[in-house]
Amino acid sequence: VVSAREPDCLFCRIVAGELPSTKVHEDELVFAIRDINPQASTHILLLPRDHIASADDLGADHGELLGRLFEVSARLAASEGIAADGYRVVTNIGRNGGQSVDHLHFHLLGGRRFTWPPG
Ligand code: AMP
Ligand code: ZN
């Protein structure tokens with residue numbers, strides 16, 4: 001399998017091991033790291049290995065990847081000790097959505113209560 005990657009993409013470079021990160025999980029589809037600027041006591045980013053710009057580019061072909069992303073989120077929430085009290089999984093899309101890195105990622109946040117809707 002040839003993985004799609006963008007040479008100048010920060011998260012493609014992290015997945016490739018060209019830039020340092022605090023890895024907490026990897027499998028053939030998903031790579032998970034600790035966020036460098038955590039917004040909660042647990043703040044993990046789940047990245048597809050392949051370059052996908054955002055959730056706006058997802059479709060029926062990505063079912064396996066999406067299932068894996070949520071499966072890994074749940075497993076990491078359990079191992080982080082945040083599953084029982086609840087947590088948030090969120091993905092930002094585009095500028096108004098608050099996306100700053102244009103490689104799809106899900107934020108796994110836990111360890112405190114989050115307000116809804118987000119600010
Ligand atoms: P978003 O704003 O939704 O695109 O999220 C991007 C996230 O990536 C932010 O929470 C940043 O703190 C985080 N981030 C940026 N650079 C790095 C890095 N080198 N390692 C880990 N997390 C990063
Ligand atoms: Zn990328």
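Side-chain atoms are counted along with the backbone in the values below, which use heavy atoms only and exclude waters and symmetry mates. Order of appearance sets the numbers: ligands from 1, and atoms from 1 within every ligand.
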Could you tell me whether ligand 1 has any atom less than 4.0 Å away from a heavy atom of His107?
yes
Under a 4.0 Å heavy-atom limit, does Thr91 contact ligand 1 with its side chain, its backbone, both, or neither?
neither
Out of curiosity, does Phe106 fall in the hydrophobic cluster containing Ile93 (side-chain heavy atoms, cut-off under 4.5 Å, transitive links)?
no
Only N/O/S atoms count here: what is the atom of His51 closest to the Zn ion (ligand 2) called?
ND1
Test item, Ile14 contacting ligand 1 (heavy atom, 4.0 angstrom)
yes
Ignoring angles and geometry beyond distance, decide whether Pro20 reaches within less than 3.5 Å of ligand 1 through its nitrogen or oxygen atoms.
no
Ile52-Val89 co-clustered via ILVMFWY side chain contacts under 4.5 Å:
yes
Can you tell me which portion of Leu19 lies within the under-4.0 Å heavy-atom range of ligand 1? Options are side chain, backbone, both, or neither.
neither
State the atoms of ligand 1, each with its element, that fall below the 4.0 Å cut-off from a heavy-atom position in Asn37.
12 (O)
Considering only N, O or S atoms of His103, the one closest to the Zn ion (ligand 2):
ND1
Counting only heavy atoms closer than 4.0 Å, does ligand 1 sit against the backbone of Phe106, its side chain, both, or neither?
neither
Need the ligand 1 atom indices (1-based, order shown) with element for anything under 4.0 Å from a heavy-atom of Phe11.
8 (O)
Under 6.0 Å between ring centres: does that hold for Phe114 and Tyr87?
no
Test: Arg112 and Asp85 ion pair at under 4.0 Å:
no
Side chain or backbone, does His43 bring an N or O within less than 3.5 Å of an N or O on ligand 1?
no
Checking the side chain of Glu64 only, and the main-chain atoms of His62 only, is there a donor and an acceptor separated by less than 3.5 Å?
no
Indicate yes or no for a side-chain donor-acceptor contact from Asp35 to the backbone of His43 under 3.5 Å, with no hydrogens or angles considered.
no
Run the salt-bridge test on Glu80 and Arg75 with the 4.0 Å N-O cut-off and return the result as yes or no.
no
Report, in ascending order of atom number, the atoms of ligand 1 lying under 4.0 Å from any heavy atom of Leu45.
8 (O), 13 (C), 22 (N)
Please find out if less than 6.0 Å separates the ring center of Phe31 from that of His25.
no
Which heavy atom of the protein is the closest neighbour of atom 4 (O) of ligand 1, given with residue, atom name and distance?
Ser100 N, 2.6 Å
Shortest protein contact, atom 7 (C) of ligand 1 (heavy atom only)
Asp35 OD2, 3.5 Å
Which of the ligand 1 atoms, numbered from 1, are nearer than 4.0 Å to a heavy atom of Gly98
1 (P), 2 (O), 3 (O)
Can you tell me which residue and heavy atom of the protein come closest to atom 5 (O) of ligand 1, and the distance to 0.1 Å?
His105 NE2, 2.9 Å
Name the closest protein heavy atom to atom 23 (C) of ligand 1, giving the residue it belongs to and the distance to 0.1 Å.
Ile36 CG2, 3.4 Å
Does this structure show an ion pair linking Asp27 with Arg68, if we count only N-O contacts that are shorter than 4.0 Å?
yes
Note: ligand 1 atoms sitting under 4.0 Å from heavy atoms of Ile33 are 21 (C)
Measuring only between side-chain heavy atoms, which start at C-beta, is Thr22 closer than 4.5 Å to Ile33?
no
Give the residue, atom name and distance (to 0.1 Å) of the protein heavy atom nearest atom 16 (N) of ligand 1.
Leu10 CD2, 3.5 Å
Short list, please: which atoms of ligand 1 are under 4.0 Å from a heavy atom of Arg34?
21 (C)
Between Glu6 and Arg13 (salt bridge meaning N to carboxylate O under 4.0 Å), is one present in this structure?
no
Does the separation of the ring centres of His107 and His105 fall below 6.0 angstrom?
yes
Here's a test for you: under side-chain contact (heavy atoms from CB on, under 4.5 Å), which of Leu47, Thr91, Asp57 qualifies with Leu104?
Thr91
Under a heavy-atom criterion of less than 4.0 Å, does Ser21 contact ligand 1?
no
